[in-house]
Student: 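Once you've had a glance at the structure underneath, I'll fire off some questions.
Note that these values count all heavy atoms, side chains included, but never hydrogens, waters or copies made by symmetry. Sequence lines set the chain letters: A, B, ... in the order given, protein chains first and strands last, and positions in each chain run from 1.
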Amino acid sequence: MNHKRTIRCGDLRKEHVGKTVTVCGWVDTKREMGALVFIDLRDVAGKVQLAFDVEKRPELHALAKAQHHEYVVAATGTVRARESRNVNARISTGEIEIDVTELEHLNSAKTPAIEVRDDLKCDPELRLKHRFIDLRRKPMQRMLQARASVIRSMRKTLDGEQFTEIETPILYKRTPEGARDFIVPSRAYPGQFYALPQSPQLFKQLCMVAGMDRYYQIARCFRDEDKRADRQPEFTQLDVEMSFVGKEDVIAMMERVVPGYVRALQQDATFKDCDWPVLKCGDIQTPIERMTYETAMRDYSIDRPDLRSRDLRLTELTEWSKTCSFNAFKTAATGGGLVKGLRCPGMADKFSRGQIGNLERDAKGMGAAGLASLKVAADGKIDAAIAKFFPEAEQKALIAAFKAQPGDMIFICAHAKEKVVHAVMHNLRTLVGHQLGLLDPNKFGLTWIVDFPLFEYKEEEEKLYATHHPFTLPADVATVAKMADAVRGWRSNMIAQVEKLKKHDPEETAIASRSSPRLPQVLSVIGILKQAGFTLEQVLGLRNNQYDLVLNGTEIAGGSIRMHRTDWQENLFELVGITKEEAEKKFGFLMNALAHGAPPHGGIAMGIERNLMCYMGLDNIQDVMAFPKSATGRDLMIDTPNEVEPKLLKELGIEIKPVA
RNA sequence: GGGGGUGUAGCUCAAUUGGUUAGAGUGACGGCCUGUCACGCCGUAGGUUACGGGUUCGAGUCCCGCCACCCUCGCCA
């Protein structure tokens, strides 16, 4: 290359008129007019028009004619103002052009499979296959720059608050809980495997134990689950952990990070031509709103409500249903279930028979027996297929419960399983929100969700699970300790009884069976707690120190204060049924670390891609990553995963068999 | 793993009820053109209708299988 670039194509302006410049880039379009040739030369900053005149410089004119789409050239020439009738108002360099005096052909190019144009519409497969061409497009380049800008701002904020960026291992260890791990065979230890981390959770806690005080990392995470529009096998988190802090400190820290990168995007001149929602939303107001998990579930039936449709709140009818005349509602309510409804203001005529049919079908798909739909007629009476099941007084009560007006539409769902009702109502609320035009992509509804339940109860298994993860600090450590003690007490008592029996009747106890009348009955943790005087409500009423940040119905960050004492940690393991042996095997290194003077600590992790999607108004995660995989987890450009040489497999002691 | 959608020229799409030689736009290539800017005009090339079977006198179209991509449920913090 003989020419040294002096300025980027897209940076040229009127003020450069008269200057001699050298630009480099790709031939975007070429227009031949016989004696005149124009080339739009493109680089990362934009496009500029190169002009060639056969009468002035015939050889250059010929060389220009020989350039084609996506050829790479360097051009030196004088910047000149265009005559007013030739100004192109649609591009930022449209007031000038370069009168080229030297042109260097740097490389040729095959005709690309996809066009390099902003509004490209084509098969997504082609974009992934030819990603390096796709990334030449301005929207893609701006996206990559925005991503960099957001990360730069995150680093800037945290670097200014005495955080240390620390890298944690990619070759990690398989964890049976949670998502499926990607595993990596070890050559040095045939038959043994590393796993890629689902997140650096335990390592960042170890950093705190190590006394690093404040850690962050732009961390790659790996999860081998089926993909979705908002999911990829590898993705990036801003991972943060802090020592000697409580919930408020972590939240306050994030309330500096989030407005920081939103402002960074808004102030960056690179993005002034972009039409991302984030550029129009103004400053993020702090403190960010907070909502308890209970409120979110009560009003929105989801722990990540979309606040843009916050006026569409759900109404619970469970108590009322217990005594109502409609059996479907009554049995659900009295059977420990849930009855909830949604009032859609003024929408009585907005749903076609077919749409209501679709809603019912969706509801049934989620396990509901049906979805009741009621119109409030002009006379204030209920106009619905199920109206006949309700006497007039009950109809009035229903309308009062919803504060319904004539012309409103009401949907009600009842089911013995709360989960089903929540799923149906959340789905419905999203749909109605769309129909009412409330889900404006240019608006941002940001809220913290706090006071999550400590446990989730899976009835089928009679088992408790930690809601967030088992390292989250309970809000009420003392009660958890009492519960754990009860379980431990019961267990040691049982062991003692069995030992006693063994002495008398070794044969019978060898068959440790539930049915033996002489053996103590094996109880679930919940069973034990009930026996010890704790109610299920009490157990499920326990809260933790988790906090999620929710943006427009998407969880964009989540974290918690952790347990820093082994006894607290052991108590929790006890209640979620993780035995000492299991805990030792899976998290032994953490337990050991906690036992060596772990400071109180907590943190948060924020999904970079999900943030970008929300702020840029995109709905596919592939559009905010440089080199994403397909929805089936393949990289279509480099074509992986693929087979490896038999020799390598042999070295690893691996033999490939058909998957069962 | 289940369900749905898509697959025709390099790209975006069309092709009537199963019926002649599978068309158009765009891009590519060649020619003409002194102010274009998605330039315009003229011409040329370009097809294993994803792939494999089947039904039929005849299949882009119907049936079965299979592959890829996208969406979705399950799964997933």
Student: Within residues 215-230 of chain A, which residues have any heavy atom lying less than 4.0 Å from an atom of RNA chain B?
Tutor: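 Going residue by residue through residues 215-230 of chain A, the ones with a heavy atom under 4.0 Å of RNA chain B turn out to be A/R223, A/E225, A/D226, A/R228, A/A229.
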Student: Using Watson-Crick or G-U wobble geometry with both distances below 3.5 Å, tell me the partner of B/C75, or none.
Tutor: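 Here B/C75 is not engaged in any pair, so there is no nucleotide opposite it.
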Student: Looking at residues at least two apart in the chain, or sitting in another chain, which of them share a side-chain contact (heavy atoms from CB on, under 4.5 Å) with A/S84?
Tutor: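 With sequence neighbours excluded, A/S84 shows a side-chain contact (heavy atoms from CB on, under 4.5 Å) to no residue whatsoever.
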Student: For nucleotides 35-44 of chain B, just jot down a letter per nucleotide in 5' to 3' order: B, S or -, based on protein non-hydrogen atoms under 4.0 Å.
Tutor: BBBBB-----
Student: Partners of A/R304 by salt bridge (charged side-chain N to carboxylate O under 4.0 Å, His left out), sequence neighbours excluded?
Tutor: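 So A/R304 forms no salt bridge (charged side-chain N to carboxylate O under 4.0 Å, His left out) with any residue.
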Student: Show me, pair by pair, the donor-acceptor contacts under 3.5 angstrom made by side chains of residues 31-45 of chain A, not counting sequence neighbours?
Tutor:
| from | atom 1 | to | atom 2 | distance (Å) |
| --- | --- | --- | --- | --- |
| A/R31 | NH1 | A/T29 | OG1 | 3.1 |
| A/R31 | NH1 | A/D40 | OD2 | 3.2 |
| A/R31 | NH2 | A/D40 | OD1 | 3.0 |
| A/R31 | NH2 | A/D40 | OD2 | 3.4 |
| A/R31 | NH2 | A/Q49 | OE1 | 2.9 |
| A/E32 | OE2 | A/K30 | NZ | 3.3 |
| A/D40 | OD2 | A/T29 | OG1 | 3.2 |
| A/R42 | NE | A/D28 | OD1 | 2.7 |
| A/R42 | NH2 | A/D28 | OD1 | 3.3 |
| A/R42 | NH2 | A/E70 | OE1 | 3.0 |
| A/R42 | NH2 | A/E70 | OE2 | 2.5 |
| A/D43 | OD1 | A/A45 | N | 2.9 |
| A/D43 | OD1 | A/G46 | N | 3.2 |
| A/D43 | OD2 | A/C9 | N | 2.5 |

Student: Under the rule for side chain to side chain donor-acceptor pair (under 3.5 Å), what residues qualify as partners of A/R80, not counting sequence neighbours?
Tutor: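 Side chain to side chain donor-acceptor pair (under 3.5 Å) check on A/R80 returns A/E97, A/D99.
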Student: Evaluate the ring planes of A/H105 and A/Y71, with Trp represented by its six-membered ring, and classify them as parallel (under 30°), tilted (30 to 60°) or perpendicular (over 60°).
Tutor: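 Judged by the thresholds at 30° and 60°, the geometry between A/H105 and A/Y71 is perpendicular.
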Student: Taking only residues two or more places apart in sequence, or in another chain, which ones meet A/K586 in a salt bridge (charged side-chain N to carboxylate O under 4.0 Å, His left out)?
Tutor: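 Here the qualifying residues are A/E177, A/E582.
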Student: Return the set of residues passing side chain to side chain donor-acceptor pair (under 3.5 Å) with A/E83 (not counting sequence neighbours), or none when no residue passes.
Tutor: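 Listed in chain order: A/R85.
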Student: Can you tell me which residue pairs pass the ring-ring contact (aromatic ring centres under 6.0 Å, His included) test with a partner in residues 116-137 of chain A, sequence neighbours excluded?
Tutor: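 Every candidate ring-ring contact (aromatic ring centres under 6.0 Å, His included) pair involving residues 116-137 of chain A fails, so no pair, neighbours aside, qualifies.
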Student: Partners of A/H564 by ring-ring contact (aromatic ring centres under 6.0 Å, His included), sequence neighbours excluded?
Tutor: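 Once residues adjacent in sequence are excluded, the partners of A/H564 under the ring-ring contact (aromatic ring centres under 6.0 Å, His included) criterion are A/W568.
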Student: Among all residues two or more places apart in sequence or in another chain, which pass the side-chain contact (heavy atoms from CB on, under 4.5 Å) test with A/N611?
Tutor: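 Here the qualifying residues are A/Y261, A/I556, A/M606, A/Y615.
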Student: Scan residues 124-135 of chain A against RNA chain B and write down, sorted by residue number, each residue with any heavy atom closer than 4.0 Å; if none is found, say none.
Tutor: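 Close to the strand are A/P124, A/E125, A/L126, A/L128.
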